Amino acid sequence: MDPEELVTLTDHGTMKLRSAVVRAMILPAKERKRAKIVREGEPAILIFKQIRNLGAKWDERRGSSPRGQRQQRRFRSRGNRRKSRSIAR
C-alpha cells in the first residue's frame with residue numbers, strides 16, 4: 001500500500017495513509033478498537049488489527065522504530081558524557 005494514498009480515518013477526516021496509521025496508533029484504547037481506514041483500493045476498509053500490522057511492516061522496512069533510535073542515541077550520549085568527565089578529572 002502506498003503511504004501517500006489519500007484515505008479517510010473514521011471520525012478524523014481525510015489524510016495520507018501514513019498519517020492515518022500514525023494517528024490511529026496514538027488514539028485512546030477505546031477509540032483504537034473502533035478505528036477504520038476507508039480507501040479506494042483493496043482492501044477498501046482497514047480495521048485496527050490491519051492498521052497495526054501495516055504500521056509494524058513500515059517500521060521493519062525502516063530498520064527500527066523511531067522510539068528505539070531515540071533511546072539508543074540517549075544512551076550513547078550519556079556514555080560519552082561519563083567518559084569526558086572521567087578524562088577531565
Side-chain angles (χ1 to χ4, degrees):
M1 290 185 218
D2 178 15
E4 300 299 311
E5 173 187 358
L6 284 177
V7 298
T8 302
L9 176 60
T10 53
D11 299 328
H12 293 274
T14 302
M15 61 194 74
K16 292 181 181 178
L17 180 57
R18 181 181 310 276
S19 298
V21 168
V22 170
R23 185 174 283 189
M25 297 301 292
I26 62 173
L27 290 172
K30 286 183 181 179
E31 286 184 53
R32 249 193 325 251
K33 290 179 184 177
R34 295 188 307 248
K36 290 184 180 85
I37 293 177
V38 181
R39 52 188 300 263
E40 293 289 322
E42 288 296 320
I45 297 176
L46 300 173
I47 60 173
F48 184 71
K49 184 176 180 182
Q50 294 167 308
I51 295 168
R52 184 182 61 219
N53 291 340
L54 185 58
K57 185 192 303 185
W58 287 343
D59 274 349
E60 286 174 8
R61 286 186 186 162
R62 272 193 279 156
S64 66
S65 69
R67 175 177 282 162
Q69 291 171 354
R70 267 183 282 172
Q71 287 175 343
Q72 211 171 32
R73 271 187 251 133
R74 189 174 67 221
F75 291 139
R76 224 178 296 144
S77 67
R78 284 181 184 167
N80 290 340
R81 275 196 305 246
R82 287 184 189 134
K83 286 178 188 173
S84 64
R85 286 182 189 160
S86 63
I87 293 170
R89 289 180 184 173

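Just so it is clear, the structure is predicted and the values come from calculations on it, not from any experiment.
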**Q** Can any side-chain N or O of Arg39 pair as donor or acceptor with the backbone N or O of Ala44 at less than 3.5 Å?
**A** no

**Q** Who else is in the cluster with Ile47 when I, L, V, M, F, W and Y are joined by side-chain contacts under 4.5 Å?
**A** none

**Q** Starting from Val7, walk the hydrophobic network (Ile, Leu, Val, Met, Phe, Trp, Tyr; side-chain heavy atoms closer than 4.5 Å) and list everyone else you reach, by chain and number.
**A** Met1, Leu9, Met15, Leu17, Val21, Met25, Ile37, Leu46, Phe48, Ile51, Leu54, Trp58

**Q** Lys16 and Glu4: which non-hydrogen atoms are nearest, and at how many Å?
**A** NZ-OE1, 2.9 Å

**Q** So, for Glu5 and Gly41, which heavy atoms are closest and what is the spacing to 0.1 Å?
**A** OE2-N, 4.0 Å

**Q** Under 3.5 Å, is there a donor-acceptor pair between the side chain of Thr10 and the main chain of Lys36?
**A** yes

**Q** With a 4.5 Å heavy-atom cut-off, do Leu27 and His12 have their side chains touching?
**A** yes

**Q** Taking C-beta and beyond as the side chain, do Arg23 and Arg18 meet within less than 4.5 Å on heavy atoms?
**A** no

